[in-house]
Amino acid sequence: MKKGMKLITLLIVFSLFLLAPAFTQEKTITLGRGDNWQDLITREYLDYKSGRWGNLDLVLEDFEYQPSDKTDLLLHFNNCPVADGAGFYNVKENKNNIILSEEVKRYGRAGGGFTGRDQGITLSPLQGALFKEGNLWDDFTIEFWLYPMMLNDGEIIISWEGFEWGADRQRPQSMRVVVRNRKLHWEFDNFFVSADRKHFSYNLSGITRMLPKIWHHHLLRFDSSSGMVEYLVDGIPEVVLYTTEKGGNRGDIALPHIGRGSDGLFTIGKNYTGFLDELRISREFVKNAGLTRYRSFSGRALSRVFDLEYTGTRIKRIESIFQKPGSSAVNFYYRASDYFERQNRLETPWQQFEPGSELSGVKGRYIQVMVELFPDGSKEVTPEVSDIRLIYEPDLPPAPPAGLHGVAGNGKATLYWKSVYEEDVSGYLVYYGDSPGHYLGEGSDQGESPIDAGDVTRLEITGLENNRIYYFTVVAYDSTEPPHRSLFSQEISLRPSWLFK
């Protein structure tokens, strides 16, 4: 009795197993981590940094200066040898006197470190550069980020020396930015020339004493329409003067002039100990200098469209490992569809989601994700995204029907097969033909191959030729649109005959 009960129990369990839908395993697509974000097709104002697991994290791009048609000189100090990003100067550096530091920087990959020795970096102007001999300047701006280490009197940040030929003598000219009493002094000797060829010298001294090992932005700008020279530290004006004969905002204006006897060479970092970053000279009066580490708007990255192989695939959730320190933020979006439109994009609207949350009712063969990073309120802190993981469950085709067999008749064949016990199976297609593996049959009363049998498991095909052999197979299909089709069932052959009833 007990053995009988065990046998019945096993039969019930086995029957339930047969009736249960096929098990579908979760699959995962990972962006980031070890693939260096290779599946991103668009990246706006975003960059990479070394992050978790020694791989690249997605972060906001530094607000690094970009050259424009008004840029005369731009030194990023990102790479060695140092090069002018505007292309107007040849840079000669002594590799023993400058180092590039990825730790001490304001923007970009590195900052330029100076060792306090004499040489520093020498720049030679090319055609079109402001410091080319004989040039008369209009508006200009000189700016840089400074991270001093010593603040010794006499340390020189920028130095230029030249001369102008006079009627009977050479007139020396110079421009220097030098440290005195822990403040920056801008010294212009015979640098400004009036319309009647008079030379003027001006000195500007900052108010705020600098502290070592702190980044500060220094900017000096000149407005040729008014003769105003203004020196700002971290965007705050420190001193203003006018290059007029009486020193006010009225009268003839003296303009910067590079003498024809000058070779135009000037030096950066002579006797200076510390770091420089983003040294820029512009042919304009810069009104709004970028002082924050990041821009005020967001950065965005867009993935390629992923093909999940089967329509109706369930998108279960999208996970991510990320950090959003302070008031920084990260927004995540997806769009999914069973149809893939042109130009590597989906036309369905974007849906915002919380990483890790279950997505209810989201299905599609194709999916695309987008991530948006926002800086904190001070625009000094960036979020970091280490990876994005798409977890989905493919809507696989049904299993092929089993147990196909049939009976030949007079001009007909009757086929039988077993049901496929999967909840979304909605019907069967019967294929027929006159050679093995080739199911291109035609001429039956039910139509050409394949014949849609609906959700039944028996089909009588009439209108067949007697004494001709036919080969049959059956395919199951589900309720998705377009439907998934199973593999072919086993093939059988039947030969109708007038001898059969």
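It should be emphasised that the depicted structure is a prediction, and the values quoted were computed from it without experimental measurement.
With hydrogens and angles disregarded, a donor-acceptor distance shorter than 3.5 Å links the side chain of Ser68 to the backbone of Lys70. Side-chain atoms of Thr141 do not come within 3.5 Å of backbone N or O of Ser282 as any donor-acceptor pair. Under the 3.5 Å distance criterion, the side-chain polar atoms of Ser303 are left unmatched by any main-chain donor or acceptor of Gln368. Judged by distance alone, with hydrogens and angles left aside, the side-chain atoms of Glu143 form no donor-acceptor pair with the main-chain N or O of His217 at under 3.5 Å. Side-chain N or O atoms of Asp153 include one that pairs as donor or acceptor with a backbone N or O of Asn181 at under 3.5 Å. Checked by atom type and distance alone, the side chain of Asn90 never pairs as donor or acceptor with a backbone atom of Ser124 at under 3.5 Å. Distance alone, capped at 3.5 Å, is enough to place a donor-acceptor pair between the Glu422 side chain and the Ala399 backbone. Judged by distance alone, with hydrogens and angles left aside, the side-chain atoms of Ser449 form a donor-acceptor pair with the main-chain N or O of Tyr432 at under 3.5 Å. Under a 3.5 Å cut-off, the side chain of Glu319 and the backbone N or O of Ile391 do not form any donor-acceptor pair. Judged purely by atom type and a 3.5 angstrom limit, Asp62 has no side-chain atom pairing as donor or acceptor with the backbone of Glu64.
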Practice item. For Val362 and Phe353, run side-chain contact (heavy atoms from CB on, under 4.5 Å): C-alpha distance rounded to whole Å, both residues' side-chain angles, the deciding distance at 0.1 Å, then the answer. Key: CA-CA 12 Å; Val362 179; Phe353 68 92; over 6 Å; no

Check your understanding: When you look at Asp395 and Thr311, which way does the side-chain contact (heavy atoms from CB on, under 4.5 Å) test go after all the steps?
Key -> CA-CA 7 Å; Asp395 186 11; Thr311 56; 5.9 Å; no

Point to revise | Steps toward side-chain contact (heavy atoms from CB on, under 4.5 Å) verdict (Leu302, Tyr333) | key: CA-CA 9 Å; Leu302 181 68; Tyr333 307 86; over 6 Å; no

**Study point:** Stepwise salt bridge (Lys or Arg N to Asp or Glu O under 4.0 Å) test for Arg304 and Asp39
**Key:** CA-CA 6 Å; Arg304 68 179 176 88; Asp39 289 315; 2.8 Å; yes

Exercise for review: Carefully, step by step, assess Ile492 and Gln490 under the rule side-chain contact (heavy atoms from CB on, under 4.5 Å).
Suggested key: CA-CA 7 Å; Ile492 65 169; Gln490 68 181 43; 4.0 Å; yes

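Among residues two or more places apart in sequence or in another chain, the ring pair (Phe, Tyr, Trp, His ring centres under 6.0 Å) test is passed with Tyr439 by Phe488. By the ring pair (Phe, Tyr, Trp, His ring centres under 6.0 Å) test, Phe306 pairs with no residue at all, sequence neighbours left out. Qualifying side-chain hydrogen bond (donor to acceptor under 3.5 Å, both in side chains) partners for Arg180, counting only residues two or more places apart in sequence or in other chains: Glu187. For Tyr471, the ring pair (Phe, Tyr, Trp, His ring centres under 6.0 Å) test picks out no residue, with sequence neighbours left out. Scored by the side-chain contact (heavy atoms from CB on, under 4.5 Å) test, Arg109 finds Asn78, Asn79 as partners (sequence neighbours excluded). In this structure, Tyr45 has no side-chain hydrogen bond (donor to acceptor under 3.5 Å, both in side chains) partners at least two apart in sequence or on a different chain. Annotation: side-chain hydrogen bond (donor to acceptor under 3.5 Å, both in side chains) contacts of Glu384 (sequence neighbours excluded): Lys49. Not counting sequence neighbours, the partners of Trp215 by the ring pair (Phe, Tyr, Trp, His ring centres under 6.0 Å) test are Tyr147.
Listed by first and then second residue, the salt bridge (charged side-chain N to carboxylate O under 4.0 Å, His left out) pairs involving residues 365-382 are Arg106-Glu380, Arg293-Glu380, Asp307-Arg365 (not counting sequence neighbours). Annotation: ring-ring contact (aromatic ring centres under 6.0 Å, His included) contacts involving residues 355-388, sequence neighbours excluded, comprise Phe340-Tyr366. Sorted by first and then second residue, the salt bridge (charged side-chain N to carboxylate O under 4.0 Å, His left out) pairs with a member in residues 28-37 read Arg33-Asp387; sequence neighbours excluded. Residue pairs satisfying the salt bridge (charged side-chain N to carboxylate O under 4.0 Å, His left out) criterion with at least one member in residues 74-88, sequence neighbours excluded, are absent.
The number of heavy-atom neighbours closer than 6.0 Å to CD of Glu354, taken from other residues, nucleotides and ligands shown, is 12 or below. With a 6.0 Å radius and a threshold of 12 heavy atoms from other residues, nucleotides or ligands, Arg283 has its CZ atom above the threshold. More than 12 heavy atoms of other residues, nucleotides or ligands sit less than 6.0 Å from atom CD of Glu44.
Summarising the geometry of Pro394 relative to Lys27, their closest heavy-atom pair is CG-CD, 3.9 Å, with the distance given to 0.1 Å. Annotation for Val475 and Leu487: closest pair CG2-O, 3.9 Å, computed over non-hydrogen atoms. Here the shortest heavy-atom pairing between Glu155 and Thr273 reads OE2-N, 2.6 Å.
In this structure, Phe131 has its ring center under 6.0 Å from that of Trp137. Ring-centre distance between Phe332 and Phe322: below the 6.0 Å cut-off. Between Tyr89 and Phe266, the gap from one ring centroid to the other is short of 6.0 Å.
For the 3.5 Å distance criterion, the side chains of Asp452 and Tyr477 qualify, holding a donor opposite an acceptor. Remark: the Thr208 side chain and the Glu238 side chain contain an N/O donor-acceptor pair separated by less than 3.5 Å. For the residue pair Tyr65/His76, the side-chain donor-acceptor check at 3.5 Å is not satisfied.
By the 4.5 Å heavy-atom criterion applied to side chains, Ile157 and His218 are not counted as neighbours.
Exactly one of Arg389, Lys316, Arg314 qualifies for a salt bridge (Lys or Arg N to Asp or Glu O under 4.0 Å) with Glu26. That residue is Lys316.
The aromatic rings of Phe114 and Tyr272 sit tilted, their planes meeting at an angle between 30° and 60°.
Cation-pi geometry between Arg280 and Tyr107 is not met: the NZ or CZ atom fails to fall both under 6.0 Å from the ring centre and inside 45° of the normal.
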